[in-house]
Amino acid sequence: MSQPKNTATDQSKIMEKIVSLAKRKGFVYQSSEIYGGLNGCWDYGPLGVEMLNNLKRQWWKSMTYRENIEGIDASILMHPRVWEASGHVENFTDPMVDCKGCKSRYRLDVLFEDMSVKRKKEALREIEPGKFEGQIKDELVIEEFAKRVATDADAAKMVAVLSCPNCGNKGTFTEARKFNLMFKTFVGPVEDSSAVVFLRPETAQGIFVNFLNVQSAGRLKIPFGIAQIGKAFRNEINTKNFLFRTREFEQMEMQFFVKPGTDDEQFEYWRSERMKWFVGLGMKAEKLQWHQHPKDKLAHYAKDAYDIEYQFPFGWGEIEGVHNRTDFDLSRHEQYSGKSLKYFDEVTKEKFTPFVIETSAGASRSFMAFLVDAYSEEEAPSAEGVMETRVVLKLHPKLAPTKVAIFPLVNRDGMPEMATKIEADLRQHFRVFYDDSGAVGRRYRRQDEAGTPFCVTVDSQSLQDQTVTVRERDSMKQDRIAAAALRSYIAERLM
RNA sequence: GCGGGAGUAACUCAGUUGGUAGAGUCACAGCCUUCCAAGCUGUUGGUCGCGGGUUCGAGUCCCGUCUCCCGCUCCA
């Protein structure tokens, strides 16, 4: 009975409860559920899309309501050369093999790389008997080997004679399978190779290819940024953990173009800004941490890279990456397109390729992090004083899908009429919900589960003096205020 | 992709050696009710994930498949 094991079980129970609540209240449904679902795809329901839109709006405001950041919305389908320039065609394809003996999985290139020269020589002899006998220089072996494995046919032969580093068995590998993480489709009705395009695996490239367009249209001076929210697609080998690893997801990206040499300072600035954003929207600071990519494992384009990670019930998971992408992307697009993407500084008369500081947040992942972070179960006394479990989504009011619920305390004496009037009034300004069924306590709890921050109740005193009670979700405390002041009362708390 | 667990009403779950599918919650209609989920009456809702097979008869047994969860693997 180890502690971590119990914890893991409890944690997965929490995840199950959240998934169940998400479905029941209309936040998230499984995609194509009536057909048995589609692996790793999810739909946002009425409350979910409100919350997601709120989340994206908050991000958009925090990014583009600045003097030096503009927004765009680029096409999901892009010219296929874009993905050659970006490195995705080359690096997004990893041939993999599985060992049938011990069930280990390897990336083929890693497997080949880890082989000793001696083994490589043996492998060469096995696939071509007689040709590599006697003394051969190591350099020649390495060179020949690299040449062979570069071709699919010889690589396949090589796999057949390899032994598994884990269990030592020979010839137990499956055939190498390529996992191209980009979704391929065709432009036009004819499915031939000249018509192949990809669904973008990241939104960033839509920004890079528009760098000069946006810069000149907005007469922008370095440093400046371009922001974008949009869907991206990756054909993941396996999906996992609710919204965390899905094949279709949404990104909120801002690429900030800076003068080389100022990149380190800008990098630190944006790291700080992005962490503040999550905390500012109510995410628990102790559930957030930075993870720096080790220098030897940085992606091909990056000089430095940090991820913001959230502590999900299943462990720490990346919700945003802040990366210094250097001038890699612009240089590559310049090279592949033949168009100059350099920036000319009118003041210093300098011409240079800007460095890029990327802030790339997952909208779907952030949504899930905010949902998980808001979920709480607490003990609250019932009317009879018995302690009961209260499930409440403590969402920041800015993110909450419904801002106000309106109840008549009882359905008589003119209370419904007054409550309906308040509802109609507030509906012009906020997402509201009217509920007159069951005991008022039950109605409060229903709203707690949906994360509604405020509940307005019309009681008998309301009929006398035109005041109502406003009940706050987390504290369950009530304020009595004039019905006429409701709009500003709520608006203040959404600022 | 591998291994383990699971899938029965909108939700949480029962369902005996194979013999006419159930409960609670939710929802809806009405009654009652003056501030934190459990009162009363009634109603809707399921080809038991999907597809085969065995059988007189399958939620139950067998095979396949899909989806979710956990672990590994993967996550430029």
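In what follows, chains carry the letters A, B, and so on, assigned in the order in which the sequence lines appear, proteins first and then strands, with residues in each chain numbered from 1.
Evaluation of the side chain to side chain contact (heavy atoms under 4.5 Å, CB included) rule for T353(A) yields D327(A), L330(A), S331(A), K342(A) as partners, not counting sequence neighbours. With sequence neighbours left out, the side chain to side chain contact (heavy atoms under 4.5 Å, CB included) criterion links R442(A) to R446(A). Residues that satisfy the ring-ring contact (aromatic ring centres under 6.0 Å, His included) test with H291(A), not counting sequence neighbours, are H293(A). Among residues two or more places apart in sequence or in another chain, the side chain to side chain contact (heavy atoms under 4.5 Å, CB included) test is passed with K240(A) by R245(A). Residues passing the ring-ring contact (aromatic ring centres under 6.0 Å, His included) test with W290(A) are Y306(A), sequence neighbours excluded.
In this structure, L426(A) CG and R431(A) CZ are separated by 13.5 Å, a value rounded to the nearest 0.5 Å. Between the CE atom of M368(A) and the CG atom of L243(A) there is a distance of 6.0 Å, given to the nearest 0.5 Å.
Nucleotides G15(B) and U54(B) have their P atoms positioned 29 Å apart, rounded to a whole Å. For C66(B) and G51(B), the P atoms lie 15 Å apart once the distance is rounded to whole Å. If you take atom P in A9(B) and the same atom in U55(B), they sit 30 Å apart, rounded to whole Å. Comparing the same atom, P, in U25(B) and in C61(B) gives a spacing of 30 Å after rounding to whole Å. Taking atom C1' on both nucleotides, G45(B) is separated from A27(B) by 9 Å, rounded to a whole Å. When the P atom is used for both A76(B) and G52(B), the distance is 42 Å, rounded to whole Å. As rounded to the nearest Å, G7(B) and U41(B) have P atoms that lie 33 Å from one another. Comparing the C1' positions of C26(B) and U34(B) gives a spacing of 26 Å, expressed to the nearest Å.
Both distances falling under 3.5 Å, in either a Watson-Crick or a G-U wobble arrangement, place G3(B) opposite C70(B). Pair assignment for G18(B) gives none, since no Watson-Crick or G-U wobble pairing has each distance under 3.5 Å. The partner of C28(B), taking Watson-Crick or G-U wobble pairs whose two distances both stay under 3.5 Å, is G42(B). G59(B): no Watson-Crick or G-U partner with both key distances under 3.5 Å is found in any strand.
Using a distance-only test at 3.5 Å, with no hydrogens or angles considered, a donor-acceptor pair links the side chain of R332(A) to the main chain of A85(A).
Residues N324(A) and Q266(A) bring no donor and acceptor atom of their side chains to less than 3.5 Å of each other.
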Without placing hydrogens or testing angles, list every side-chain donor-acceptor pair under 3.5 Å for residues 34-43 of chain A, not counting sequence neighbours.
residue : atom : partner : partner atom : Å
N39(A)  : OD1  : T239(A) : OG1          : 2.8
N39(A)  : OD1  : R247(A) : NH1          : 2.9
W42(A)  : NE1  : F242(A) : O            : 3.1

For residues 370-378 of chain A, which side-chain donor-acceptor pairs fall under 3.5 Å, sequence neighbours excluded?
residue : atom : partner : partner atom : Å
D373(A) : OD1  : Y310(A) : OH           : 2.6
D373(A) : OD2  : K284(A) : N            : 2.9
Y375(A) : OH   : E377(A) : OE2          : 2.7
S376(A) : OG   : V392(A) : O            : 3.2
E377(A) : OE1  : K17(A)  : NZ           : 3.4
E377(A) : OE2  : K17(A)  : NZ           : 2.9
E378(A) : OE1  : K394(A) : NZ           : 3.0
E378(A) : OE2  : R390(A) : NE           : 3.3
E378(A) : OE2  : R390(A) : NH2          : 2.8

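Atoms CG (D448(A)) and P (C35(B)) sit 18 Å apart, rounded to a whole Å. Straight-line distance from the CG atom of D43(A) to the P atom of U67(B): 15 Å, rounded to whole Å. The distance from atom CD of E202(A) to atom P of A76(B) is 11 Å, rounded to the nearest whole Å. Atoms CZ (F328(A)) and P (A76(B)) sit 14 Å apart, rounded to a whole Å. At whole-Å resolution of the value, CD1 in I14(A) and P in C70(B) are 12 Å apart. Protein atom CZ of F27(A) is 16 Å distant from nucleotide atom C1' of C11(B), rounded to whole Å. Atoms NZ (K240(A)) and C1' (C74(B)) sit 10 Å apart, rounded to a whole Å. Between the CD atom of E236(A) and the C1' atom of G1(B) there is a distance of 14 Å, rounded to whole Å.
With hydrogens and angles ignored, no donor-acceptor pair under 3.5 angstrom links the side chain of E33(A) to the base of A10(B). With hydrogens and angles left out, the side chain of Y444(A) and the base of C35(B) share a donor-acceptor pair within 3.5 Å.
Among the atoms of the strands shown, only primed sugar atoms or phosphate atoms (P, OP1, OP2) are found under 4.0 Å from some heavy atom of G40(A). Contacts of F242(A) with the nucleic acid, taken as non-hydrogen atoms under 4.0 Å apart, involve only primed sugar atoms and P, OP1 or OP2. Residue contacts shown for Q447(A) are absent, as no nucleic acid heavy atom lies under 4.0 Å away.
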*Could you run through nucleotides 22-34 of chain B and give me one letter per nucleotide, 5' to 3': B if any protein heavy atom sits under 4.0 Å from the base, S if only the sugar-phosphate is that close, - if neither?*
----SS-----BB

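Applying the salt bridge (Lys or Arg N to Asp or Glu O under 4.0 Å) test to pairs two or more places apart or on separate chains, those with a residue in residues 460-473 of chain A are D448(A)-R471(A). Residue pairs meeting the salt bridge (Lys or Arg N to Asp or Glu O under 4.0 Å) criterion with at least one partner in residues 305-320 of chain A, sequence neighbours excluded, are R274(A)-E320(A).
Of the residues in residues 464-486 of chain A, those placing a heavy atom less than 4.0 Å from an atom of RNA chain B are T469(A), R471(A), M476(A), Q478(A), in numerical order.
Taking side-chain N and O atoms only, K23(A) has no distance below 4.0 Å to OP1 or OP2 of A10(B). A sub-4.0 Å separation between OP1 or OP2 of C68(B) and a side-chain N or O of N39(A) is present.
The distance between the ring centers of F233(A) and F249(A) does not fall below 6.0 angstrom.
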Polar atom pairs (N or O), protein with nucleotides 40-45 of chain B, under 3.5 Å:
none

